[in-house]
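Beneath this line is the structure, given in structure tokens, with notes to follow.
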Amino acid sequence: MTTSEDNTPELSEEHLERIRENMTKVEELSKRLIEVMAGKEAHTPALDGPNQDLFARAATSYFAEAWQNPAKLLEHQVAFWGQSVMNFAEAQQALAAGGVEDSEPGPKDKRFSNPLWDTNPYFRFIRQQYQTNADAIAQAVASVDDLDGKDKQRLHFFSQQIIDLMSPTNFLASNPDALEKAVETEGQSLIKGLENLVADLEANNGEMVVRLADESAFKLGENIATTPGDVVYRNRLMELIQYKPTTETVRETPIVLFPPWINKYYILDLKAQNSLIKWVTEQGYTLFVVSWVNADASHAEVGMGDYVEEGFLTAIETVKSICKVKQVNAVGYCIAGTTLSLTLSLMKQRGDKSIKSATFFTTLTDFGEQGEFTPFLQNDFVDGIQEQVTKDGILKAWVIGRTMSFLRSNDLIYGPAIRSYMMGETPPAFDLLYWNGDGANLPGKMAIEYLRGLCQKNQFVTDGFDLLGHKLHIRDVDVPLMAISCETDHIAAWKDCYRGVQQMGSRSKTFVVSESGHIAGIVNPPSKKKYGHYTNPDLNADADAWMKEADFHKGSWWPQWEAWLKKRSGKQIPARQVGDSGYASLAEAPGTYVLVKATD
């Protein structure tokens with residue numbers, strides 16, 4: 001391939017022939033693609049798409065408003081038509097002039113980072129018209145008045161999904177990066193991309209679940225989840241891992257950490273440089289971590305009460321027995337923090353004082369505001385989930401993963417799909433993305449109890465959450481506590497976490513907001529010196545006022561947490577060796593439960 005004087009690529013006949021050969025291979029792969037899609041399983045009811053009635057009501061409201069106020073509709077339409085004509089006229093002028101001169105760059109959007117989006121008349125027109133269409137849809141949604149707040153929020157979410165789906169970068173004919181690479185590689189990138197697509201579809205029964213990471217690059221216990229320890233207890237719901245000490249002495253009060261069972265625990269032990277688990281042992285603590293089972297159909301009737309009794313309470317009693325102590329310091333992350341709150345309420349009512357202090361990572365307890373999850377927490381969606389778990393016994397990991405991905409569709413769906421399917425790139429060897437794709441199934445009963453009683457009805461805050469013969473309430477959480485939330489967390493918004501902590505009954509409460517999101521704000525080692533955090537001892541004001549008066553601290557919150565924990569962890573004693581308590585090792589860390597894949 002050569003270039004002309006104006007640097008335009010000139011394709012030789014030999015080069016064109018190779019492209020034709022590769023296009024023939026593309027056709028062959030397309031046949032395989034059709035075969036995969038022909039055998040595709042039926043969709044899960046909960047994910048069949050946005051509620052059609054919602055769009056019908058929105059359309060009725062929009063056109064009713066247009067009937068009553070035609071000037072408003074005309075104003076929108078004239079603005080849309082005018083901008084569309086201007087886009088076309090500018091493109092025509094640029095074509096006549098042989099290119100775009102002194103072009104102003106478009107809005108900052110990494111999807112449109114290729115210079116051709118600004119300098120090439122064809123791509124510039126496509127980008128401008130896409131943005132014009134997106135603005136028109138957004139304005140139409142904003143003008144709908146005859147819907148309640150939640151329905152309008154859902155309408156906004158689903159319309160944004162349509163906007164993101166229709167981005168020109170998602171289509172080969174209007175993606176300059178993919179077109180350039182196809183020409184450079186003589187079509188080989190398209191062949192590789194189709195191979196990636198067919199492989200993903202075949203691996204997921206016809207569902208398009210984009211691989212985010214190179215799964216062959218990681219092996220648990222070898223290059224991730226490598227902190228030394230042993231499984232010292234196992235039941236049908238969990239393995240309890242005791243980590244080996246790295247200091248000669250440790251604090252008397254041990255720590256038992258409960259990660260979320262929606263994901264696997266090793267997010268806290270990805271590699272040595274950012275392992276919270278390793279760091280805690282290096283500070284001189286005896287650390288136990290629960291590794292939850294990856295649920296299958298045999299766990300269909302496992303409920304929230306079973307997680308409390310067979311998970312939390314059993315782990316606490318086992319740790320007390322191994323360490324020969326009366327109390328432990330407990331940590332709960334995400335849904336495990338929510339369940340730790342339920343456990344604390346139950347223990348309060350039973351007179352059990354086994355927990356000396358509690359730490360909550362990105363934990364929701366007041367679900368009065370549902371934030372970005374609003375579209376997924378209405379009856380139609382939860383009804384679909386209930387129908388699915390009644391049939392399968394479990395809430396499948398891919399359902400959870402896809403729901404989470406739609407909250408960040410450009411980053412977790414379309415962007416990876418473009419790189420894999422249109423650019424033909426191999427997914428990166430990225431440990432965080434590998435963990436993100438290593439999901440876990442949830443027991444059906446537990447999932448519905450959580451969605452109905454806590455998320456939808458907010459019973460833990462309102463009239464009490466019925467569990468194990470008790471009516472549990474947030475005010476019963478009265479142990480000393482520290483709560484870590486994250487500034488840009490889209491799963492557990494920090495303001496919602498703050499509101500829950502405010503209602504807890506503890507007289508000693510510390511609240512911290514870390515920079516970054518649900519994962520990076522927690523997995524934030526001091527050595528990185530990357531994200532800072534905010535503190536304010538006054539928890540009486542609302543969230544905005546709290547943040548306005550908060551002090552900002554550079555660096556990780558981990559040292560501050562350790563300083564707080566140290567005061568509640570007793571004296572120094574000789575380090576406890578794994579197994580010296582009479583609890584034999586059942587397996588080396590990371591254990592066996594974490595190895596089970598959701599597709600098994």
Side-chain angles (χ1 to χ4, degrees), residues 227-259 265 268-269 276-292 307-333 336 339-340 343-344 346-360 477-482 506 508 561-591 593:
T227 302
D230 291 88
V231 175
V232 293
Y233 178 86
R234 179 187 294 127
N235 63 22
R236 66 171 180 155
L237 290 186
M238 68 163 183
E239 289 184 330
L240 182 64
I241 302 172
Q242 181 179 359
Y243 285 91
K244 294 180 179 179
T246 59
T247 55
E248 292 185 0
T249 62
V250 294
R251 292 286 170 177
E252 184 177 26
T253 305
I255 300 171
V256 56
L257 192 156
F258 299 96
Y265 86 90
L268 300 174
D269 192 31
L276 177 65
I277 288 173
K278 181 176 184 290
W279 185 85
V280 169
T281 64
E282 291 173 344
Q283 309 314 304
Y285 293 88
T286 303
L287 175 65
F288 295 81
V289 176
V290 166
S291 175
W292 300 102
Y307 273 88
V308 169
E309 285 197 306
E310 298 180 44
F312 287 75
L313 295 178
T314 297
I316 291 165
E317 288 303 312
T318 303
V319 171
K320 285 167 55 181
S321 175
I322 290 174
C323 297
K324 299 176 177 59
V325 295
K326 294 182 178 179
Q327 290 185 306
V328 304
N329 288 317
V331 183
Y333 190 172
T339 311
L340 176 59
T343 303
L344 285 164
L346 179 69
M347 295 171 79
K348 165 77 171 179
Q349 294 182 31
R350 289 180 174 178
D352 185 343
K353 299 182 179 181
S354 296
I355 293 182
K356 192 172 186 178
S357 77
T359 302
F360 301 101
V477 180
D478 63 355
V479 301
L481 65 90
M482 185 170 185
S506 173
S508 175
W561 174 53
E562 193 276 325
W564 177 88
L565 198 63
K566 184 187 301 182
K567 298 175 183 178
R568 294 158 180 83
S569 299
K571 61 185 180 181
Q572 295 277 0
I573 62 171
R576 303 176 176 103
Q577 300 302 315
V578 176
D580 65 4
S581 60
Y583 282 76
S585 173
L586 303 178
E588 291 185 349
Y593 280 2

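All residue numbers in this chain count up from 1 along the given sequence. What you see is a predicted model; the values in this text were computed from it and never measured.
R234 is linked by a salt bridge (Lys or Arg N to Asp or Glu O under 4.0 Å) to E239, counting only residues two or more places apart in sequence or in another chain. Residues passing the side chain to side chain donor-acceptor pair (under 3.5 Å) test with N235: none are found, sequence neighbours excluded. Applying the side chain to side chain donor-acceptor pair (under 3.5 Å) criterion to E562, with sequence neighbours excluded, gives Y285. Residues forming a side-chain contact (heavy atoms from CB on, under 4.5 Å) with V308 (at least two apart in sequence, or on another chain): L313, T339, T343, L346, L467, L468. Listed by chain and number, the residues in a side-chain contact (heavy atoms from CB on, under 4.5 Å) with K348 are D476, D478 (sequence neighbours excluded). The ring-ring contact (aromatic ring centres under 6.0 Å, His included) test applied to Y243 returns no partner, not counting sequence neighbours. Listed by chain and number, the residues in a side chain to side chain donor-acceptor pair (under 3.5 Å) with R251 amount to none (sequence neighbours excluded). In terms of the ring-ring contact (aromatic ring centres under 6.0 Å, His included) criterion, F288 has no residue partners (sequence neighbours excluded). Checked against ring-ring contact (aromatic ring centres under 6.0 Å, His included), Y307 has the following partners two or more places apart in sequence or in another chain: W261, W292. Residues passing the side-chain contact (heavy atoms from CB on, under 4.5 Å) test with E248, sequence neighbours excluded: none. Residues that satisfy the side chain to side chain donor-acceptor pair (under 3.5 Å) test with S357, not counting sequence neighbours, are N329. Under the side-chain contact (heavy atoms from CB on, under 4.5 Å) criterion, T249 pairs with Q572, sequence neighbours left out.
The shortest non-hydrogen separation linking S354 to K320 is OG-NZ, 2.8 Å.
For F258 and F312, the ring centers sit closer than 6.0 Å to each other.
Looking at Q242 and T286, their side chains come closer than 4.5 Å, going by heavy atoms from C-beta outward. The closest side-chain heavy-atom distance from L481 to L344 is not below 4.5 Å. Taking 4.5 Å as the limit, some side-chain heavy atom of V325 sits within range of a side-chain heavy atom of P254. At a threshold of 4.5 Å between non-hydrogen side-chain atoms, the residues S508 and R568 count as touching.
Counting heavy-atom neighbours within 6.0 Å of E588 CD, excluding the residue itself, gives a total of 12 or less.
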